[in-house]
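Labels below follow one simple rule: chain letters A, B, ... track the order of the sequence lines, proteins then strands, and each chain is numbered from 1.
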Amino acid sequence: MAMEKTFNAAEAEGRLYEAWEAAKCFAAGANAKPGGVPFSVVIPPPNVTGSLHMGHAFNNTLQDILIRWHRMRGDDVLWQPGTDHAGIATQMVTEREMMLNQEPSRLTMGREAFVERVWAQKHKSRGTIIGQLKRLGASCDWDREAFTMDGGFHDAVLKTFVDFYERGLIYRGKRLVNWDPQFETAISDLEVENIEVQGHMWHFKYPLAGGETYTFVERDAEGHVIREEERDYISIATTRPETMLGDGAVAVHPDDERYAPIVGKLCEIPVGPKDKRRLIPIITDAYPDPAFGSGAVKITGAHDFNDYAVANRNGIPLYILLAANGTMREDGLSYADSADIALAVANGEMTAAEVDVNAVNLVPDAYRGLDRFEARKAIVADITDEGLAVMMPDEEGNLLPFVEQKPIMQPFGDRSKVVIEPMLTDQWFVDTAQIVQPAIDAVRTGETRILPEQDQKVYFHWLENIEPWTISRQLWWGHRIPVWYGFDLRLQEFVDDEGDGTLDPTEMLRFLTADNLVRGTDRHHAAMNFEGVIPQFADVIAGLPTPLNRATVVEVEDRHAAAHAMARSLAQYEIDQDPTKLIYPVWQDTDVLDTWFSSGLWPLGTLGWPEETEALKQYFPTSVLITGFDIIFFWVARMMMMQFAMVGQRPFDTVYVHALVRDEKGKKMSKSVGNVLDPLDLIDEYGADAVRFTLAAMAAMGRDLRLSKDRITGYRNFGTKLWNAARFAEMNEATPRMVGATAGPPPATAPVNRWILGETGRVREEVDAALEAFRFNDAANAAYAFTWHMVCDWYVEFAKPLLQGDDAALKAETQSVMAWVIDQCLILLHPVMPFITEELWGLLGAREKMLVHADWPTYAAADLADAEAQAEMSWVIGLIEEVRSARAQMHVAAGLYVPMVHTGLDADASRAWDRNATLIKRLARIESFEQVDALPKGAVTIPVRGGTIGLPIADIIDVAAERARLEKTQGKLQKEIDGLRGRLNNPKFAESAPPEIVEEAQENLAARESEAAKIADALARLAEVA
RNA sequence: GGGUGGUUAGCUCAGUUGGUAGAGCGCUUCGUUUACACCGAAGAUGUCGGGGGUUCGAGUCCCUCACCACCCACCA
């Protein structure tokens, strides 16, 4: 059965992958030697609805290389696969599809139905990315495939949340958070992308209350007055005029003398009904920079992170202006009532704490319900109309409203791409500062190693400045926060108005008020919940079905949410007049957890924690995490913190951080730019091995890689080269099938065979060393160079005369050696190119095990190397190269056999010739080799070690060309000689340089000088001809 | 504003403790020698971003400048 000329990847890959799976080759511990050390890797879980992109292909190729390598070495290997539920992204994808299908909207169908709908989406698309990973060749243990919302994983999430809660690591509070008006949810700092956009900065006058005036004096650095004028206003600047409605104060720096006269006075916000303009105080705070703008800053505590801090420091109320969807609020009190309250605060009649910021709505009727950007336009127009924009003269002296065009950094949601608003909302937070230290220490001490090392700096910088982590999301898809709300039944007295000995619904409702609301986590209700509960309730509650009986008692909840939830609860459950059968209304927090809260538990959760599973014992901590630099903060840092916080152990020994795959021009691949290379298309076109090899070969640590099809083509060709080397071996019966498998390297006597065995030992060491050091490119390139340039270019060529010759023993030896060497190529290349190597492995021999489980070699270069054979073959190769070079430059016809002569060879050279004459003659196209007294005139000179060799072919070459060739060589040599002499003649060199360096230089110089002498002789001979 | 990385052959990039620069692709010439034209042989191309310093010796270490890329950040 003759082999095809090329490997048919499209046909073979699926078949081979199925064979691996059928034989359970990827199962945890498969191929482990007795006592094999654990080697475990958790896959960075792709989004369950996602599809494979180049980053995944890269990331998983690297993982698969390590996994296959360790598995072949007999380690106890686990590659844990799985997918992530990816809260926002998945909800977004599902809703988009629902819209396309004209299905009812999320809000129409309700939470339960929607969540079910997303599960359906999940089941539908789950196969996609897993199938794509398989096409890449990823050898994960698919039987262990996990999902961040599986039951077991959910337990891990619950346990962690509750533990954190009880340890005071999680808290709920009303804070200013990043709010995404598109998805109407809070997001964490990391999900905000700050992008520079062209924006405007408007300058407006805030008139002083009661028409007061002051002398505004501005001085330059030397204290000279540069402007002095009477003003009845203070000038402020803003990039977001709509937030003026929520200003609580204007702040100036305490040392800013320009405004000293008016500190403590009130000024007017120049927007809103004329008869009800709000007044706000002018305060001092260290935050304003006197040198920037006017030096005065409007303080909108509820809609700006800086202002929030200033407001809190100074007791300024936080007035909420926006609704969840980014429109101006329509709820709450009327503008008139709200303005009265705000005025009372400004006048000191009320404190900020007394203001119900959810109720007070300072948006004038004219702006209520407007989109925030519409409101901005309207407000700017209104103020400008009123003449309260600060006017600036243009070139012609016309006064124009001062609107600066300037680039501003604007926050965008990384998913929604809409402008993020700081919003004052109730959210859950992890107090990360409390759990960060072990994550920092582990990397500092080297307990966990981050590669490349420069990424440690980024890691440290972020962790050392860590902010609280907002973990609640106002979404439906995700782990619902395991907190339940109910009413405090302990301290209340029932009032039996009717005195009839029963409680009717009215009486119950009076009791069940928001003021009476409590909450607690999913667990421990026995311990704390119902202690002190009125006796007749305790029994009822205990008898309730889960989860309704899981209320716990901890702290008072937000009254609006409570009232809302209560209403629903009461509507949902009938209230029985009989108090012993009264259904106690409890309800769960409506938020879900940030996706990263669950994926932060990925290493533990996938191994079965909190159960004490065997897998956990065996494979945790995991060995290596391979991930992209873009999720160091999102994921790696949080996994470090969370595993330490829960089990006190590092999740990984090593974190290998890889760079980004870009297009061939260095641009980030993006769908909108249209420069995305789809790995699946590439696999279709070139085969998975070529794609994998390309990625591995370009994976120099810490640097982005530019992917081009040319490169992939090259590695596809490499596969063909390997294929054809194997095919040659097969044609010459140099395969394990024909010669029998040898346990180790076969015995060899011929120098050429002994030499290639030594080279094989060397490359095995190189590949291993590279992989140990995560130098994937070095590993790939070493195996590539060996296979192509050592085995194919030389060894196969050397072997041809031996395989076709008469010496049966030599032929047999060469067949054995070639069979073994090609096997070694297959083994060493398998982690990078699993498919073609597995296919050849099967074609070339009847094997006990598939290549995926073949034993990785351990022979050392030193065991196999034969210095004599190596020296001899390097002489042979050098000679052949010199002859070929001379011939090519002399334009000797490529196929023409020519005579060769020498003037005497030393012992080594002589032996080298004798033992390799056949193959030298063949490869250099030499017809004869004889000793002569002197090289003939006009002979082409071939410099070699241990003699002078020449081609007496003056009659067929151009003497001038030969002279030119020699002179060129001479020039090069002279340069080198000059350099070496210069160094050696410098006394300081001999003094300071290590002896071996000096010695090397001397040897080099001697060799160059001897060569130069030969060239000089040759030139002299040519001169005689001419 | 802070930080990190990069600047090496026409292109894309390696270059691990300082010892005098490499690969792949492309290009030029030659070649259908029975593994392979997805091939083979030969060949050309670099003041290693600029400047300064340390050293016998610097692509490699230090300083500085320029440009590019990315990350972080609250300047209204």
Verify whether the ring centers belonging to [X] and [Y] lie closer than 6.0 Å.
X        : Y        : answer
A:Phe629 : A:His658 : no
A:Tyr715 : A:Tyr784 : yes
A:Tyr206 : A:Tyr233 : no

Would you mind classifying the nucleic acid contact of [X] as base, sugar-phosphate or nothing, using non-hydrogen atoms under 4.0 angstrom?
X        : answer
A:Pro994 : base
A:Arg922 : nothing
A:Phe292 : base
A:Asp289 : base
A:Gly295 : base
A:Arg884 : sugar-phosphate
A:Lys5   : sugar-phosphate
A:Lys406 : sugar-phosphate
A:Trp788 : sugar-phosphate
A:Ser992 : base
A:Val297 : base
A:Glu991 : nothing
A:Arg240 : nothing

Taking atom [atom1] in both [N] and [M], compute the distance separating them and give it to the nearest angstrom.
N     : M     : atom1 : answer
B:G3  : B:G10 : C1'   : 34 Å
B:C36 : B:A41 : P     : 15 Å
B:A14 : B:U28 : C1'   : 25 Å
B:U4  : B:C63 : P     : 11 Å
B:U7  : B:U12 : C1'   : 14 Å
B:U45 : B:G5  : P     : 35 Å
B:A66 : B:C11 : P     : 25 Å
B:G43 : B:A23 : P     : 12 Å

Strand partner of [N], provided both Watson-Crick or wobble distances fall under 3.5 Å:
N     : answer
B:U32 : none
B:A66 : B:U7
B:G19 : B:C56
B:G1  : B:C72

*Within 45° of the axis and under 6.0 Å from the centre of the six-membered ring of A:Tyr686, does NZ or CZ of A:Lys709 qualify?*
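The answer is no; the distance or angle limit is not met.
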*If you measure from the Lys or Arg side-chain nitrogens to the Asp or Glu carboxylate oxygens, is any gap between A:Glu882 and A:Arg887 under 4.0 Å?*
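The answer is no: the pair does not qualify as a salt bridge.
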_Lys/Arg N to Asp/Glu carboxylate O, A:Arg1008 vs A:Glu976, below 4.0 Å_ =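 Yes, this pair counts.
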Nearest-angstrom distance from the residue atom [atom1] of [X] to [atom2] of [N]:
X        : N     : atom1 : atom2 : value
A:Lys205 : B:A76 : NZ    : P     : 23 Å
A:His200 : B:A76 : NE2   : P     : 14 Å
A:Gln454 : B:U16 : CD    : P     : 14 Å
A:Arg711 : B:G26 : CZ    : P     : 12 Å
A:Phe460 : B:U4  : CZ    : C1'   : 15 Å
A:Asp793 : B:A42 : CG    : C1'   : 13 Å
A:Tyr308 : B:C74 : OH    : P     : 15 Å
A:Asn465 : B:C71 : CG    : P     : 18 Å

Check this one for me: any side-chain N or O of [X] less than 4.0 Å away from OP1 or OP2 of [N]?
X        : N     : answer
A:Lys457 : B:C71 : no
A:Ser708 : B:C25 : no
A:Lys800 : B:U33 : no
A:His789 : B:G24 : yes
A:Asn194 : B:C72 : no
A:Lys968 : B:A44 : yes

_A:Phe633 or A:Val892, whichever maps to the more 5' nucleotide of RNA chain B_ =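 It is A:Val892 whose nearest nucleotide is closer to the 5' end.
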*asked:* Let me spell it out: for each of A:Asp778 and A:Glu797, pick the nucleotide of RNA chain B with the closest heavy atom. Which residue's pick is nearer the 5' end?
replied: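 Final value for this comparison: A:Asp778.
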*Do A:Tyr259 and A:Val250 come close enough that some side-chain heavy atom pair is under 4.5 Å?*
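No. Closest side-chain heavy atoms not under 4.5 Å.
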Side chain of [X] only, heavy atoms from C-beta on: which candidate in [options] is closest?
X        : options             : value
A:Phe629 : B:C30, B:C70, B:U12 : B:C70
A:Pro288 : B:G15, B:A76, B:C56 : B:A76
A:Cys792 : B:G43, B:A35, B:C56 : B:A35
A:Ile997 : B:C56, B:C36, B:G19 : B:G19
A:Tyr287 : B:C74, B:A42, B:C56 : B:C74
A:Asn717 : B:A76, B:C38, B:A73 : B:C38

*Kindly say whether, by distance alone, the side chain of A:Asn306 makes a donor-acceptor pair under 3.5 Å with the base of B:C74?*
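Pair found.
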*Spell out yes or no: do the side chain of A:Arg727 and the base of B:C36 have one donor N/O and one acceptor N/O closer than 3.5 Å?*
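Answer is no: no donor-acceptor pair is held.
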*Is a side-chain donor-acceptor pair under 3.5 Å present for A:Asn986 with A:Arg983?*
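No, no side-chain donor-acceptor contact under 3.5 Å.
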*Can you list the steps and then say if A:Arg692 with A:Met833 is a side-chain contact (heavy atoms from CB on, under 4.5 Å)?*
CA-CA 7 Å; A:Arg692 291 169 58 112; A:Met833 323 185 85; over 6 Å; no
*Starting from the C-alpha separation in whole Å, work towards a yes-or-no answer on side-chain contact (heavy atoms from CB on, under 4.5 Å) for A:Phe989 and A:Leu984.*
CA-CA 7 Å; A:Phe989 175 67; A:Leu984 288 163; 4.0 Å; yes
